[in-house]
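What follows is one structure encoded as structure tokens, with my remarks underneath.
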Amino acid sequence: RKKSIKYGYTHLSAGELLRDERKNPDSQYGELIEKYIKEGKIVPVEITISLLKREMDETMAANAQKNKFLIDGFPRNQDNLQGWNKTMDGKADVSFVLFFDCNNEICIERCLERGKSSGRSDDNRESLEKRIQTYLQSTKPIIDLYEEMGKVKKIDASKSVDEVFDEVVQIFDKEG
Ligand code: AMP
């Protein structure tokens, strides 16, 4: 939070917005979102984009200077990327992409540990294995595309929380 104030951006997590929407009793998408999340699949882009765009528009409407966003967990696949390009063309510049590089075993162990208290329906071994498949099939190719554009900042995320945080701060000091 402190960092977001220093660098003047608003952190938005696609997964968190989807989890919040799922809890909203007035939402028509609750059940669908839960099904996708549990299966580790990518929720249809119209839903994710509309949630992101609503948050961005509301943030800027409240304070026009708040026009920098760190969007976490997006774009996750080709469909996300196309939806983003279509909706945000001429409206948003993508400065860079943070890639938290970490091997599968460590990721699974960390999420299982998180699962002890997160209450998340996808922090279990079965969902995690599916999420890794989704990542390899759908998300990695998108990171590769941004890599070709020279926009990827890679961080060794197998290190400790403090070390990873320091690497992120260094990137923002240079680029933010
Ligand atoms: P995360 O909170 O980033 O770990 O995401 C948890 C789950 O939410 C994913 O496995 C997907 O089912 C869903 N999700 C997160 N981000 C997206 C996205 N950009 N597009 C579609 N579904 C997403």
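Start at 1 and go down the list; that is how both ligands and their atoms are numbered. Note that the coordinates shown come from a computational prediction; the quantities given were computed from them, not determined experimentally.
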* Report, in ascending order of atom number, the atoms of ligand 1 lying under 4.0 Å from any heavy atom of I42. =>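 Every atom of ligand 1 under 4.0 Å from some heavy atom of I42: 20 (N), 21 (C), 22 (N).
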* R19 neighbourhood, listing ligand 1 atoms whose heavy-atom distance to it stays under 4.0 Å -> 2 (O), 6 (C)
Ignoring hydrogens, just give me the one of [options] whose non-hydrogen atom is nearest [atom].
atom	options	answer
atom 19 (N) of ligand 1	D123, N80, L128, I33	N80
atom 6 (C) of ligand 1	R120, K41, E39	R120
atom 5 (O) of ligand 1	R76, R114, E16	R76

For ligand 1, does [X] get within less than 4.0 Å through its side chain, its backbone, both, or neither, judged by non-hydrogen atoms?
X	answer
I37	both
T134	neither
L18	side chain

* **G40, any N or O under 3.5 Å of ligand 1 N or O** => no
* Indicate yes or no: does an N/O atom of V43 lie under 3.5 Å from an N/O atom of ligand 1? => yes
* **R120: side chain to side chain donor-acceptor pair (under 3.5 Å) partners, not counting sequence neighbours** =>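 Applying side chain to side chain donor-acceptor pair (under 3.5 Å) to R120 gives D122.
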* To do: Verify the distance criterion only: is there a donor paired with an acceptor across the side chains of S160 and D162 at less than 3.5 Å?
  =>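 Per modelled atom types, S160 and D162 side chains form no pair under 3.5 Å.
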* To do: Would you mind checking which non-hydrogen protein atom is closest to atom 4 (O) of ligand 1, with the distance to 0.1 Å?
  => R131 NH2, 2.5 Å
* Mind checking ring pair (Phe, Tyr, Trp, His ring centres under 6.0 Å) for F99 and listing every partner two or more places apart, or none if nothing turns up? =>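 Residues passing ring pair (Phe, Tyr, Trp, His ring centres under 6.0 Å) with F99: none at all.
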* Asked: Ion pair present between E31 and K35, side-chain N to carboxylate O less than 4.0 angstrom?
  ->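 No, no charged N to carboxylate O under 4.0 Å.
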